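Order of the sequence lines fixes the chain letters, A, B, ..., with proteins taken first and strands second; residue numbering starts at 1 for each chain. Everything numeric in this text was worked out from a predicted model, so none of it was measured.
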There are 2 protein chains.
Amino acid sequence: MFSKACKYAIRALIYLASRSEEPEKTGLREIAAEIDSPEAFTAKIMQILSKQNLVNSAKGPHGGFFIDTHAPEIKLIDVVKAIDGTQSIYGCGLGLKSCSETEPCPIHHEFSAIRNGLANLLKEQTIQQLARELKAGKSVLKHHLN
Amino acid sequence: MFSKACKYAIRALIYLASRSEEPEKTGLREIAAEIDSPEAFTAKIMQILSKQNLVNSAKGPHGGFFIDTHAPEIKLIDVVKAIDGTQSIYGCGLGLKSCSETEPCPIHHEFSAIRNGLANLLKEQTIQQLARELKAGKSVLKHHLN
DNA sequence: AGTAATAAAGACCTAATTATCCTTTATTAG
DNA sequence: CTAATAAAGGATAATTAGGTCTTTATTACT
């Protein structure tokens, strides 16, 4: 569905959002540890998110990443587009270059409903919503050992 | 959604099924040409499908691939499982090892509906159904130049 | 029997993704 | 102004997905 990079990105953003009322910034090390992702690779992903203004960053001591609490909430689709691109969501299910309503691939119509459902979900759901559920203990970002 | 190999597999099977009342077998070259896929790579995929008994083959002159018309219709999910494995359908959307109803990832519930819809579709739809629509001119397997 | 046609099998190559390492640059505390 | 800290950026390595090539086995037709 999503690339690994995209999964890390979503997890990282949810974690960041889950502690974004804290005025403190969160360092890369902590993020990677909390979402159980490779640190250096996560750094690359954070760079992309930062360039796309999905996240803010500050260098130096007490620096780190943070989400602007005054900015509009981040939609999942923004993250997916930033990391995986639009083709991953809107491309043909069977990989045909020219697949459309008028020249559909064999599964085009059957998959449209699903694809649209997914797209709508990604457009509706925000990182912050998911972060609130995480904080409420309704979900987890990594395996919790008993 | 699916790997390229899986897309080729589905396209190849639909093409084969679309001409399976022909008693003649269909050679690799023709399949690859008709679904616009790399020949050698398609050969590999056909080997897998053949081992999984999703398709039959015959060596030698006038040999080729064919689908047993008396066997039950091939469900899309059989193809996806054979090529991409079950993880591609049932794995966690955020890549968590232990994601379940009791320890869900943040998007678990939201995605369950979509995931289930997809799985049901794959379980219902058959290659042969799609082949009939293809033959009726309602869909295409490759780009048709004007 | 011999030859051509075809799939099967395995080794091999290439490109993209994932991941690591190291250097540079910016920021801050003291 | 220096040392510490942390992100940014570049280079590179490892892994996986995607794809090719060569050889072998099988069959049909002279």
Side-chain angles (χ1 to χ4, degrees), chain A residues 1-13 16 23-67 80 82-85 87-88 91 94-95, chain B residues 1-13 15-16 23-33 35-68 80 82-85 87-88 91 94-95 97:
Chain A
M1 197 91 96
F2 308 130
S3 70
K4 274 193 168 191
C6 191
K7 292 170 184 171
Y8 293 148
I10 294 172
R11 278 152 60 188
L13 286 174
L16 261 191
E24 336 150 15
K25 297 152 193 88
T26 309
L28 177 66
R29 202 156 344 188
E30 180 181 335
I31 296 174
E34 290 298 326
I35 69 170
D36 192 25
S37 67
E39 207 174 299
F41 189 48
T42 307
K44 293 293 175 204
I45 295 162
M46 295 309 290
Q47 275 181 42
I48 298 173
L49 296 176
S50 173
K51 275 191 203 149
Q52 304 277 331
N53 290 309
L54 294 177
V55 83
N56 300 100
S57 70
K59 290 184 181 179
H62 306 118
F65 296 92
F66 61 101
I67 291 177
V80 176
I83 306 290
D84 284 346
Q87 194 64 8
S88 68
L94 287 189
Chain B
M1 196 92 96
F2 308 130
S3 70
K4 276 197 169 189
C6 191
K7 291 171 185 170
Y8 292 148
I10 294 172
R11 277 152 63 187
L13 286 174
Y15 176 69
L16 261 190
E24 339 148 15
K25 298 151 194 86
T26 308
L28 176 66
R29 201 154 350 187
E30 179 181 335
I31 296 174
I35 70 170
D36 192 24
S37 67
E39 208 173 298
F41 189 46
T42 307
K44 287 290 169 211
I45 295 163
M46 296 309 292
Q47 275 180 43
I48 297 172
L49 296 177
S50 174
K51 272 190 204 148
Q52 304 276 330
N53 289 309
L54 295 177
V55 83
N56 300 100
S57 70
K59 290 182 183 181
H62 307 120
F65 298 92
F66 61 100
I67 291 177
D68 183 357
V80 175
I83 306 290
D84 283 348
Q87 194 64 9
S88 69
L94 286 190
K97 285 159 223 139

OP1 or OP2 of D:dA6 sitting under 4.0 Å from any side-chain N/O of A:S57?
-> no
So CG of B:L16 and CD of B:E30: to nearest 0.5 Å the spacing works out to 9.0 Å
For B:I48 and D:dA17, give me the distance from atom CD1 to atom C1', rounded to whole Å.
-> 12 Å
A:I31 CD1 to D:dA7 C1': how many Å, rounded?
-> 11 Å
Set of side chain to side chain donor-acceptor pair (under 3.5 Å) partners for A:S3, sequence neighbours left out = A:D84
Please state how far atom CD in B:E39 lies from atom C1' in C:dA7, giving the value in whole angstrom units.
-> 12 Å
According to a strict under-4.0 Å criterion, is B:K4 in side-chain N/O contact with OP1 or OP2 of D:dG19?
-> yes
Whole Å only: how far is the CD1 atom of B:I45 from the C1' atom of D:dT20?
-> 13 Å
Quickly work out the A:I83 CD1 to C:dA19 P distance and round it to whole Å.
-> 13 Å
Atom pair NZ/CE of B:K7 and B:M1 - distance to nearest 0.5 Å = 9.5 Å
Using a cut-off of strictly less than 4.0 Å, decide whether A:Q47 has a side-chain nitrogen or oxygen near OP1 or OP2 of D:dA7.
-> no
Residue pair A:P38/B:F65 against DNA chain C: nearer the 5' end by closest nucleotide is B:F65
Nearest non-hydrogen partners of A:G85 and A:S88, listed with the distance = O-OG, 2.9 Å
Phosphate-side-chain proximity, A:S50 and D:dA7, N/O vs OP1/OP2 below 4.0 Å = no
Relative orientation of the end axes in the helix from C:dA1-D:dT30 to C:dG30-D:dC1, expressed as an angle to the nearest 10° (five pairs per end) | 0°
Using only side-chain N and O atoms of A:Y8, determine if any of them is under 4.0 Å from OP1 or OP2 of C:dT18.
-> no
Does B:E39 have any salt bridge (charged side-chain N to carboxylate O under 4.0 Å, His left out) partners at least two apart in sequence or in another chain, and if so, which?
-> none
Side chain of B:F41 - closest among D:dG18, C:dA7, D:dA8 = D:dG18
How would you label the contact of A:K51 with the nucleic acid (heavy atoms, under 4.0 Å): base, sugar-phosphate, or nothing?
-> sugar-phosphate
Return the set of residues passing salt bridge (charged side-chain N to carboxylate O under 4.0 Å, His left out) with B:D36 (not counting sequence neighbours), or none when no residue passes.
-> A:K97
By side chain to side chain donor-acceptor pair (under 3.5 Å) - contacts of B:Q87 (at least two apart) = none
Taking only residues two or more places apart in sequence or in another chain, which ones pass side chain to side chain donor-acceptor pair (under 3.5 Å) with B:Y8?
-> none
Length of the CG-P vector between B:D36 and D:dG19, whole Å = 11 Å
If you draw the axis of the six-membered ring of B:F66, does the NZ or CZ of B:K25 fall within 45° of it and under 6.0 Å from the ring centre?
-> yes
Counting primed atoms, P, OP1 and OP2 as sugar-phosphate and everything else as base, the B/S/- map of nucleotides 21-30 of chain C against protein heavy atoms under 4.0 Å is B---BBBBS-
Mind calculating the distance between CE (B:M46) and C1' (D:dG19) to the nearest angstrom?
-> 17 Å
Please report, rounded to the nearest Å, how far the C1' atom of D:dA28 is from the NZ atom of B:K25.
-> 11 Å
Extract all donor-acceptor atom pairs below 3.5 Å that involve side chains of residues 41-65 of chain B and protein atoms in other chains or at least two apart in sequence.
residue	atom	partner	partner atom	Å
B:T42	OG1	B:S37	OG	2.6
B:T42	OG1	B:P38	O	2.6

